[in-house]
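Comments concern the structure below.
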2 protein chains.
Amino acid sequence: MATGRTHRPATRSRGIPEATVARLPLYLRALTALSERSVPTVSSEELAAAAGVNSAKLRKDFSYLGSYGTRGVGYDVEYLVYQISRELGLTQDWPVVIVGIGNLGAALANYGGFASRGFRVAALIDADPAMAGRPVAGIPVQHTDELEKIIEDNGVSIGVIATPAGAAQQVCDRLVAAGVTSILNFAPTVLSVPDGVDVRKVDLSIELQILAFHEQRKAGEEAEAAGSDGSGPVAAARQESAEQGPDGDVPAVMPA
Amino acid sequence: MATGRTHRPATRSRGIPEATVARLPLYLRALTALSERSVPTVSSEELAAAAGVNSAKLRKDFSYLGSYGTRGVGYDVEYLVYQISRELGLTQDWPVVIVGIGNLGAALANYGGFASRGFRVAALIDADPAMAGRPVAGIPVQHTDELEKIIEDNGVSIGVIATPAGAAQQVCDRLVAAGVTSILNFAPTVLSVPDGVDVRKVDLSIELQILAFHEQRKAGEEAEAAGSDGSGPVAAARQESAEQGPDGDVPAVMPA
DNA sequence: AGGTGTGAAACTCTTCACAGCA
DNA sequence: TGCTGTGAAGAGTTTCACACCT
């Protein structure tokens, strides 16, 4: 890793594993659906199925949060929704700005999944003066010149970058300088940020490339398997099938 | 683990770890940039920096592909581009269909990153009859009724779902029935697919929730730290900062 | 010298399997 | 009885550190 020294002696055991954190939103989504159907309790087995994980993993994940279940019964849906929301920090309001209002930025602005969690789109920002003032998803687009003012006035700490790759680092620098400490990056570039700033990235073409890898392997195996196993083509077999591998791992910190 | 493997003692040692596969596109992007600047060779250190990983990891990753470097020198850029492309299956053409042409679907259709890899948008499909015939990114949108025909005529094995959550499973079923074996899902739902079909998902709000978790933790630590360490506010401290955790892990299989 | 390739150690995450409580 | 909570085993991933080649 970069410089660091690793272990943090102190900071106590608030240690929820990253892998667990990444699944909490999944559980939350499943729980919200149950809540809307007024289901009072769920077993780890049922909830795991709804979230698409196995029950042992789910129970282990929840064990990091505390003992919120009842043996012999299961989990109280409403209570769990609250606990997970709190753990994820969704009980507070998070103003976010979206920079780069092309198709993707517009899609993000219109995406209902944000508002339903604690996220509020505080502003849309674009470098194109022609966009300024035009409303997208009911929010008027503002010019990049206003970026710093917007961040400060709204106390924004989370920024979404949906600009072309070429503009991303520059936008990122300005966001960070203005006080943003978490960035969700859709531009296909590695962003360099100072220590203390989190970056997560979503790269559409990377996901497709991973699929292509597996797709190619299937084709190869298929050809190779001709004859080795006489039991029909696809066969039934194990559930589980498609786990999404360790995907991510975005370093985000870049040593000059 | 995606679908397939597992069983089958045979299939020989073509085993590239998932974590490595997930990083190959990152390396490829960095290498492509170097290639465009006509850089002939790179060291693991330089390339790692450009891709945002550390050099030991990069060398280990490449070691799974073979010994493509030269000790004391580094890696030949063009050669590596080719080897990685081949490994990912990008030396062949992958026709893909995008289903659901809202803002997000349109963004995907317009995304240049696809064509520049081996992906070709074979068709855009939407359920809204009013969209039919209208061109998006130069490609006319076709109605959902045509889905099966399009898949078959074009030999499509990769499908992208950008529909609302409610329609996703149905679309998924039709894609699979028509022969698609890899799906990239943008709808916030767990998709149920038969064995042998890969699903990767991208959920915008999940990424934001993970950022919120860390953001909240930062705020907490900051408050808690007041006084414990006299050296200025933010301090240097842990480098580490922004690794994108084990993010993914999409189960994709959903019972009932 | 300079930088790759790689065993081995360290760490993280997942799965097992069962004790223990409602 | 039924299902949670969890120690322990197992699998996968990252990092170390150095032998080895150019």
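Chain letters run A, B, ... following the sequence lines, proteins first and then strands; every chain starts at 1.
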> Hey, are A:Thr32 and A:Glu36 close enough side-chain-wise for a donor-acceptor pair under 3.5 Å?
Replying inline: no

> Rounding to a whole Å, what distance do you find between A:Lys57:NZ and D:dT6:P?
Replying inline: 19 Å

> Does one side chain, of B:Gln169 or B:Ser192, offer a donor that lies under 3.5 Å from an acceptor on the other?
Replying inline: no

> Is there a side-chain contact between B:Ser182 and B:Asp198 (heavy atoms, below 4.5 Å)?
Replying inline: yes

>> Nearest whole Å is fine: how far is C:dT12 C1' from A:Arg23 CZ?
In response: 11 Å

>> Please report the distance, rounded to the nearest Å, between CG in A:Leu58 and P in C:dC13.
In response: 17 Å

> Should A:Lys60 be listed as having a side-chain N or O under 4.0 Å from OP1 or OP2 of C:dC13?
Replying inline: no

>> Heavy-atom nearest nucleotide on DNA chain C for B:Phe62 versus A:Thr20: which residue maps closer to 5'?
In response: B:Phe62

> Between atom CG in B:Asp61 and atom P in D:dC16, what is the gap in whole Å?
Replying inline: 15 Å

> Taking N and O atoms by type only, does the side chain of B:Arg71 place a donor or acceptor under 3.5 Å from a partner on the base of D:dT22?
Replying inline: no

>> Holding to side chain to side chain donor-acceptor pair (under 3.5 Å), I want the full list of residues that pass it with A:Gln83, two or more places apart in sequence or in another chain.
In response: A:Tyr68, A:Tyr79, A:Arg86

> Whole Å only: how far is the CD atom of A:Glu45 from the C1' atom of D:dT4?
Replying inline: 12 Å

> Where along residues 73-81 of chain B does a heavy atom fall under 4.0 Å from DNA chain C?
Replying inline: B:Val73, B:Gly74, B:Tyr75

> B:Asn54 side chain N/O closer than 4.0 Å to the phosphate oxygens (OP1, OP2) of D:dT15?
Replying inline: yes

> For A:Glu78 and A:Ser35, does a side-chain donor sit closer than 3.5 Å to a side-chain acceptor?
Replying inline: yes

>> Would you say that B:Tyr82 contacts B:Val77 through its side chain, given a criterion of any heavy-atom pair below 4.5 Å between the two side chains?
In response: no

>> Strictly distance-based, threshold 3.5 Å: is any side-chain N or O of A:Lys201 a donor or acceptor partner for the main-chain N or O of A:Val190?
In response: no

>> Whole angstroms only, please: what is the CD-C1' distance between B:Glu18 and D:dT14?
In response: 16 Å

>> On the side chain of A:Arg59, is there an atom forming a donor-acceptor pair with the base of D:dG5 - under 3.5 Å, no angle test?
In response: yes

> So, is B:Ser44 near the phosphate of C:dT4, with a side-chain N or O under 4.0 Å from OP1 or OP2?
Replying inline: yes

> In whole angstroms, how far is the C1' atom of D:dT6 from the OH atom of A:Tyr64?
Replying inline: 9 Å

